[in-house]
**Student:** 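Handing you a structure now.
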Amino acid sequence: MSENKTTAQSRPSAAARASRGRAQSGSRNGSRSRGTKNNNAAAVKKAQEPASQKKSGKKPSASKKKRLPARVKIIPLGGLHEIGKNMTAIEFEDEILIIDCGLSFPDDDMFGIDKVIPDFSYLKYNSSKIRGLVITHGHEDHIGAVPYLIKELNVPIYGTRLPLGLIENKLKEHNLKARMNTVTAGETFKIGKHFTIEALRITHSIADSICLAINTPAGCIFHTGDFKIDYTPVDGDPIDFARLAQIGSQGVLLMMADSTNVLRPGYTQSERVVGKTLENIFRSAERRIIIATFSSNVHRIQKIIDIARLCNRKVAISGRSMVNVVDLAVDLGYIKIPANTLVDINKTKNIPDKELVVITTGSQGEPMSALARMASNDHKSINIKRGDMVILSSTPVPGNELTVSNVVNQLIQKGAEVIYSDIADIHVSGHACREELKLMHSLIRPKYFMPVHGEYRHLSTHAELAHTLGMPMENIFLLSNGDCLTVSQKEAYKTEAVAEAEGIMVDGLGVGDVGNIVLRDRRLLSESGLIILVAAIDKYSNTIASGPDIISRGFVYVRENEDLIDEACRRAEEILEDCMEKNMKDWNGMKTAVRDGLSRFIYAKTQRSPVILPIFLEV
């Protein structure tokens with residue numbers, strides 16, 4: 001990394017922004033500067049010099065430098081215009097602080113992709129500036145990409161006990177280690193020279209969630225993390241509203257706030273509502289109870305265990321992630337299991353149905369989850385029986401509605417009674433609705449506001465909500481991933497596309513090796529199948545020695561369409577012979593001719609466009 005490039009990046013003067021804007025405009029048009037990198041950096045540096053220095057050649061005095069307001073840059077690398085993949089970089093001079101490092105799950109058209117993680121290119125380029133990663137809570141969309149970041153940059157990690165425990169489990173799976181620093185709610189700690197962070201208790205659908213008051217020389221930045229306002233949390237640790245109001249009174253330069261539930265009016269219900277509903281269901285059940293929920297929701301798991309004990313039922317745990325989280329939460333003291341309550345899932349056959357509760361994964365209908373395997377009779381220990389009560393203590397994440405519906409239908413077909421959120425209050429959200437967001441804005445009272453964590457409709461609605469509370473629209477900023485918001489006490493402005501922020505797709509052990517071209521091919525294969533055409537060509541006589549033969553996968557059932565396949569072979573042979581009559585010896589040209597001609601023939605016959613792969617063998 002050259003010194004010139006680093007200097008040019010870290011000084012956001014007006015002239016530099018104009019220069020950077022021209023450079024970005026040129027790159028969008030496909031043009032490139034012919035100057036060297038050093039010349040470009042020198043030009044930017046010269047543009048950044050004050051006018052008086054350009055004229056006199058003298059450096060500005062120290063008093064003039066002090067009058068320049070301190071500026072802090074906010075660079076979201078994920079979590080905007082999407083649900084998940086939350087990650088934000090906060091940069092002040094020569095230091096960067098990272099907030100969260102999550103993943104998102106693939107869309108339906110991302111065939112074969114396991115997960116999507118943020119692009120770390122900007123962080124790798126500025127690796128010498130990074131001082132630490134702070135985690136707000138332990139959900140996958142905030143910690144799921146940490147192992148992939150640690151493989152690239154071994155940065156110190158700060159967080160409360162449960163998120164760090166979950167991250168440690170993930171790192172073990174990847175054979176990695178990291179520098180872990182445990183913080184507690186209410187603690188103030190320093191990272192680097194410029195970041196003093198106060199971690200404050202916040203209520204969410206997972207224990208040990210915090211929001212952050214980040215003090216920098218430019219001012220205080222408040223990050224809510226994911227939150228809702230629960231006045232009666234099940235763990236007895238409510239939000240410290242007095243401290244939030246005090247932070248607001250001291251002055252907050254910028255607030256970044258969760259926008260996930262901004263479209264919902266009113267308030268999010270307390271987790272205690274779920275406990276009362278589940279207790280009523282358990283008391284009325286006469287057969288075995290199987291309940292699926294998020295493995296990370298340790299408060300709900302604790303409530304299920306307490307109710308099972310109250311109803312004289314044993315508890316079994318099913319699903320790898322559920323077992324791992326319960327073991328961790330027990331070790332950390334977040335879950336307390338009474339003696340003689342927990343039983344091995346493999347030893348439940350000896351327990352009467354009316355005395356058993358099974359807590360399992362699969363509330364989102366995941367194909368390989370424990371509940372899905374139960375529904376399809378693939379689970380080694382639990383088979384669904386007529387009369388079983390199955391409770392889905394969750395709501396489908398957007399995009400999972402169909403898979404959840406399929407599992408529900410399978411369970412009902414096997415005679416189970418299925419209860420889900422449309423039928424009873426067995427799930428509440430972990431995100432703040434409109435009235436709770438209004439309260440947070442009223443407590444913090446920031447000078448500038450940047451909505452985060454949501455699709456564009458969530459972000460824009462949250463911006464409108466802030467405006468109705470009295471914030472000027474010019475103080476509200478809607479960013480995209482990769483943009484930069486530069487903030488000082490005197491001004492704030494947005495710079496577009498300063499960092500690469502496209503999602504990086506993970507397929508098995510491959511990270512980033514699958515792009516749009518591969519996905520396009522997978523989509524085409526899924527839509528119309530594959531035709532492989534094989535022919536042997538005599539290189540001396542330039543004639544067809546054997547074939548062409550056709551192998552089909554996912555196109556048609558060959559045995560029932562032999563006439564079509566034979567006709568396609570003859571058509572391919574005609575195209576090859578025509579190429580040889582023209583004395584064509586460029587095999588790439590011959591493959592293109594065969595592919596195009598056969599594609600037109602097949603489309604005319606079937607109105608389908610399979611992927612056609614010609615293979616020529618030289619003999």
Side-chain angles (χ1 to χ4, degrees), residues 104-116 364-369 372-373 375-378 399-407 409-410 413 503-537 544-579 587-618:
S104 62
F105 294 102
D107 297 332
D108 291 338
D109 59 351
M110 293 182 179
F111 299 99
I113 300 302
D114 299 320
K115 60 194 76 169
V116 184
Q364 296 301 304
E366 303 95 320
M368 298 305 296
S369 66
R373 287 186 280 118
S376 58
N377 289 332
D378 289 333
N400 291 349
E401 295 87 355
L402 182 59
T403 55
V404 172
S405 178
N406 289 339
V407 170
N409 286 328
Q410 284 181 297
Q413 286 173 358
I504 301 298
M505 287 171 278
V506 178
D507 185 358
L509 297 177
V511 179
D513 57 348
V514 174
N516 291 330
I517 295 175
V518 174
L519 285 181
R520 182 201 63 191
D521 289 344
R522 290 182 180 182
R523 177 178 56 79
L524 292 173
L525 288 169
S526 73
E527 291 174 351
S528 300
L530 170 69
I531 288 177
I532 300 174
L533 183 135
V534 183
I537 298 176
I544 301 173
S546 176
D549 296 318
I550 284 180
I551 302 169
S552 171
R553 291 291 182 271
F555 171 54
V556 293
Y557 186 50
V558 175
R559 291 185 181 179
E560 295 179 358
N561 293 273
E562 290 181 355
D563 292 342
L564 175 63
I565 298 299
D566 290 341
E567 196 173 351
C569 286
R570 288 194 294 271
R571 178 62 186 140
E573 185 176 7
E574 291 172 3
I575 297 170
L576 277 174
E577 289 176 346
D578 182 59
C579 291
W587 280 23
N588 288 330
M590 293 169 64
K591 288 179 179 180
T592 300
V594 170
R595 188 184 299 113
D596 293 345
L598 198 56
S599 179
R600 287 192 295 269
F601 169 80
I602 289 173
Y603 187 81
K605 291 289 184 179
T606 65
Q607 297 291 298
R608 301 180 198 173
S609 299
V611 175
I612 299 173
L613 182 62
I615 299 176
F616 298 155
L617 305 175
E618 188 178 67

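Heavy-atom basis, side chains included; hydrogens, waters and symmetry copies ignored.
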**Student:** Atom CD1 of Ile551 and atom CG of Leu613: how far apart are they, to the nearest 0.5 Å?
**Tutor:**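 Answer for the CD1-CG pair, Ile551 versus Leu613, is 10.0 Å.
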**Student:** If I compare all heavy atoms of Ala372 with all of Val407, which pair ends up nearest, and what's the gap?
**Tutor:**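 Smallest heavy-atom distance, with atoms named: CB-CG2, 4.3 Å.
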**Student:** Between Ser599 (side chain only) and Ser609 (backbone N and O only), is there a donor and an acceptor less than 3.5 Å apart?
**Tutor:**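 Not at all, since once roles are kept as given, no pair shorter than 3.5 Å links the two residues.
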**Student:** Could you check if a side-chain atom of Ser376 sits within less than 4.5 angstrom of a side-chain atom of Gln410, using non-hydrogen atoms only?
**Tutor:**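 Ser376 vs Gln410: side chains touch.
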**Student:** In Å and rounded to the nearest 0.5 Å, what is the CG to CE distance from Asp578 to Met590?
**Tutor:**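 These two atoms lie 10.5 Å from each other.
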**Student:** Return the NZ to CG distance between Lys591 and Asp596, rounded to the nearest 0.5 Å.
**Tutor:**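 Rounded to the nearest 0.5 Å, the NZ-CG separation comes out at 14.0 Å.
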**Student:** Kindly compute the distance separating CD1 (Ile532) from CG (Asp549), expressed to the nearest 0.5 Å.
**Tutor:**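 Going from the CD1 atom of Ile532 to the CG atom of Asp549 covers 12.0 Å.
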**Student:** Could you check whether atom CZ of Arg553 has more than 12 heavy atoms from other residues, nucleotides or ligands sitting under 6.0 Å from it?
**Tutor:**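 No, because the 6.0 Å sphere around CZ of Arg553 holds 12 heavy atoms or fewer from other groups.
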**Student:** Could you tell me whether Glu574 and Arg571 have a side-chain N and a carboxylate O separated by less than 4.0 Å?
**Tutor:**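 A salt bridge links Glu574 with Arg571.
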**Student:** Is any side-chain heavy atom of Phe616 less than 4.5 Å from a side-chain heavy atom of Leu533?
**Tutor:**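 Touching, per the 4.5 Å side-chain cut-off.
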**Student:** Quick check for you: to the nearest 0.5 Å, what is the distance between Ile602 atom CD1 and Lys605 atom NZ?
**Tutor:**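 So the gap between those two atoms works out to 11.0 Å.
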**Student:** State the CZ-CD1 distance between Arg595 and Ile531, to the nearest 0.5 angstrom.
**Tutor:**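 Interatomic distance, Arg595 CZ to Ile531 CD1, rounded to 0.5 Å: 12.5 Å.
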**Student:** Just one of Leu564, Val611, Ile612 clears the side-chain contact (heavy atoms from CB on, under 4.5 Å) bar with Phe555, so which one?
**Tutor:**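 Checked Leu564, Val611, Ile612 against Phe555; only one passes side-chain contact (heavy atoms from CB on, under 4.5 Å): Leu564.
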**Student:** May I have the step-by-step check of side chain to side chain contact (heavy atoms under 4.5 Å, CB included) for Val518 and Met505, ending in yes or no?
**Tutor:** CA-CA 11 Å; Val518 174; Met505 287 171 278; over 6 Å; no
**Student:** Between Pro610 and Leu530, which heavy-atom pair has the shortest distance, and what is it?
**Tutor:**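 For Pro610 and Leu530, the tightest heavy-atom pair comes out as CB-N, 4.5 Å.
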**Student:** Between Gln364 and Thr403, what is the shortest heavy-atom contact and its length?
**Tutor:**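 Smallest interatomic distance, heavy atoms only, reads O-OG1, 3.2 Å.
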**Student:** Do the side chain of Ser526 and the main chain of Arg523 share a donor and acceptor less than 3.5 angstrom apart?
**Tutor:**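 Here the side-chain-to-backbone pair exists.
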